[in-house]
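Okay, so here's the structure we're looking at.
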Amino acid sequence: MKYPTKTLVALIVGTSLIGCGESSTNAQATDQTMATTLTAQDAKAFLQQAQADIEKIQLPSAHAQWSYATNINLDTAAVAAYMNEQYSNLIAKLAKQAASFNNVEVDTDTRRQLDLLRNGLTMPPPQDSAKSARLAQISADLDGLYGAGKYCRNEQECFSLVEMSAEIATSRNPDLLLEFWEGWRQASIPMKSLYAEQVELANKGAQEQGFANVSELWQGQYDMPADEFPGELDRLWGQVQPFYEALHCHVRAKLGEFYGEDQVPQDKPIPAHLLGNMWAQSWGNIYDIVKPEQEMQVPDVTAALTAQGYDEIRMVRQAESFFTSLGFEPLPDTFWQRSQFQKPDDREVQCHASAWDLDDKEDLRIKMCIQITGEEFNTIHHELGHNIYQRAYQHQPLLYRNSANDGFHEAIGDTIALSITPKYLKQIGLIDDIPDASNDIGMLLQIALDKIAFIPFGLMVDQWRWKVFSGEISPEKYNELWWQLREQYQGVAAPIERSADAFDPGAKYHVPANVPYTRYFLAHILQFQFHKALCDIAGDQGPLNRCTIYGSKEAGTALNAMLEMGASQPWQSALETLTGTSQMDASTIQDYFAPLKNWLDEQNQGRQCGW
Ligand code: X8Z
Ligand code: ZN
């Protein structure tokens, strides 16, 4: 997982430590927790030792994960699985020891660190060494199946996910769209039994840690009682839902006009292969189909990048310059030497974009298979946001080297990308003129297709996993529940009947990679709150969709003040530091898109919305 591969969150999937083989320092930590009467001082000593032990394994573990992700083969898989196992075993052991201080009176800071350690694993290994080894092997295998996955039309013609995604973005041939949509989902069929086995093993690990199951562990990461968190998500979704339904209604109507209402029935969910994205999670690629009738000028970043001869590195340099314009340090030379920007053609790699901090010092990297498109330009900003965050909190104690909550990590680069407005594009010479206000509906629609369409997808992925991990759903029902939730939240349906062995959740990276997904839902709410706060600080008076914080040192300083806190305070305090409020709140989204909502409501008059 790559954003902070080596932070606790990532460990989960990611790394591991020196097996059960214990260093003398480890033994000391263990002895302390076995003492009969534990004191606050013991807790502090334990935490200090625990962090030293974790630090030692993090670096080799991160290197093993990097090697695997950038060169998928039998050998790198074995090393990655081994290091993951060692690392997870260490954290699991320390988490149990941390729990022995549950009834010891300690200061707030110590309690927070103990809790972070107790909750630190995404997929906790069972104590039984055969089982923990199996769990690590399954994780590596699932990762590899996804990374090396492809669809072969026949013996000669195979397509990678990157190639099929590019076609799904631009092709308007429904037969080809369907072929690739279905083809990619063949790659996840072999994952199903592995996934089910993994659920059993990780739940066992969670139970040994005192949790009912992995879902409870995942829901307990948000500085509020675990059982209140789902309700918080429902509240936020409720703020966005009417807008989403208006967007859905318009998009379905336009798709119906384009492909015919027999292909896109107007009272049913939208077939998932027609939305310009392999997972129907962001719809910006079909802007041309759903755009307003009235001609509108909307910057075409893909065309501008191509026309100006941008290559992968220049795109990353351009993104870096946004961050330096805010006062952040340039990325180190090693970033440019060690990152993977392009898909190598001599080996299998995990193309899903990620950002890495290998040593909590200067070894920052990204791993992407960059395409020269506006969408990828945004993703580069997304990834650099992770790197900038990682660097900002690197002086915190190890257990605080993470974001305030995982949604914050995902929101920073996206926040910067919200500043890629026409004004900014003109400043960097990518466009010549700033379209006037009469074009705003087009521009807002383009952004809503990416950002608002995403929100219910960002929510449903873990609604599925929570039910899987809690045991509410058995493997025979995995796929059925997936499509039930896709319909319920997104109003999107499988275009063809799914076979009994299909495992469509596995076709989405974060499922085989075990990266929790609620973070992206939160990030899509938070990034608008951050953008508004930063625009205010930068003194931008105009509408939010036209604001860019480019060049504002004041905005950069304010952002950095939140980033450098890392996870040292509850996220509510970090949020307040930047925005003045301690609540996640989608009313900024409502304000940002208000003119578009009115326009959609007008378009939808006389249409039957809903599904
Ligand atoms: O996985 C990502 C990033 C890496 S953390 C590229 N994203 C989610 C996805 O691709 O599904 C960013 C948006 C949502
Ligand atoms: Zn990310």
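Counting convention: from 1, in listed order, for ligands and their atoms alike. As the structure is a prediction and not an experimental result, all values here were calculated from the model. What's counted below: heavy atoms across the whole structure, side chains too, no hydrogens, waters or symmetry copies.
Atoms of ligand 1 found under 4.0 Å from any heavy atom of Glu410 (numbered from 1 in listed order, with element): 5 (S). With ligand atoms numbered from 1 in the order given, ligand 1 contributes 14 (C) to contacts under 4.0 Å with heavy atoms of Phe454. Proximity to Lys508 (heavy-atom distance under 4.0 Å) selects the following atoms of ligand 1: 9 (C), 10 (O), 11 (O). Near Glu383, meaning under 4.0 Å from any of its heavy atoms, are these atoms of ligand 1: 3 (C), 4 (C), 6 (C).
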Evaluation steps, ring pair (Phe, Tyr, Trp, His ring centres under 6.0 Å), between Trp356 and Trp66: CA-CA 8 Å; Trp356 300 60; Trp66 175 268; 5.1 Å; yes
Derivation and outcome, ring pair (Phe, Tyr, Trp, His ring centres under 6.0 Å), residues Phe593 and Phe528: CA-CA 11 Å; Phe593 291 103; Phe528 287 93; 5.7 Å; yes
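Among the heteroatoms counted here (N, O or S) of Glu410, OE1 is the one nearest to the Zn ion (ligand 2).
Tyr151 and Glu182 share no side-chain donor-acceptor pair at under 3.5 Å. Under the 3.5 Å distance criterion, with hydrogens and angles disregarded, a donor-acceptor pair is assigned to the side chains of Asp406 and Tyr222. With hydrogens and angles left out, the side-chain atoms of Glu410 and His524 include no donor and acceptor closer than 3.5 Å. In summary, the side chains of Asp504 and Trp483 do present a donor paired with an acceptor at a separation below 3.5 Å, with no hydrogens or angles considered.
Taking the centre and axis of the six-membered ring of Trp611, the NZ or CZ atom of Arg252 falls outside the cone set by 45° and 6.0 Å.
Taking backbone and side-chain atoms together, His409 has no N/O/S atom less than 2.8 Å away from the Zn ion (ligand 2). Within the 2.8 Å limit, Glu383 places no N, O or S atom next to the Zn ion (ligand 2).
Ring centroid separation for the pair Tyr400 and Tyr393 does not come in under the 6.0 Å cut-off.
We find that Lys451 and Asp414 are joined by a salt bridge, their nearest charged nitrogen and carboxylate oxygen being less than 4.0 Å apart.
When all heavy atoms of His386 and Ala355 are compared, the closest pair comes out as CB-CB, 3.4 Å.
Take the Zn ion (ligand 2) as the corner point: the lines to NE2 of His382 and to NE2 of His386 open at 100°, to the nearest 10 degrees.
In terms of polar-atom proximity, His524 is not counted as a contact of ligand 1, lacking any N or O under 3.5 Å from an N or O of the ligand. Note: no N/O pair closer than 3.5 Å links Ser354 and ligand 1 by distance alone. An N or O contact shorter than 3.5 Å is missing between His386 and ligand 1 by distance. For the pair Tyr517 and ligand 1, the shortest N or O to N or O distance falls below 3.5 Å.
Within the 4.0 Å heavy-atom criterion, neither part of Trp279 lies near ligand 1.
When the options Tyr509, Phe457, Tyr520 are ranked by their closest heavy atom to atom 14 (C) of ligand 1, first place goes to Tyr520. For atom 3 (C) of ligand 1, the candidate residues are Glu376, Arg519, Gln281, His382; the nearest heavy-atom contact is made by His382.
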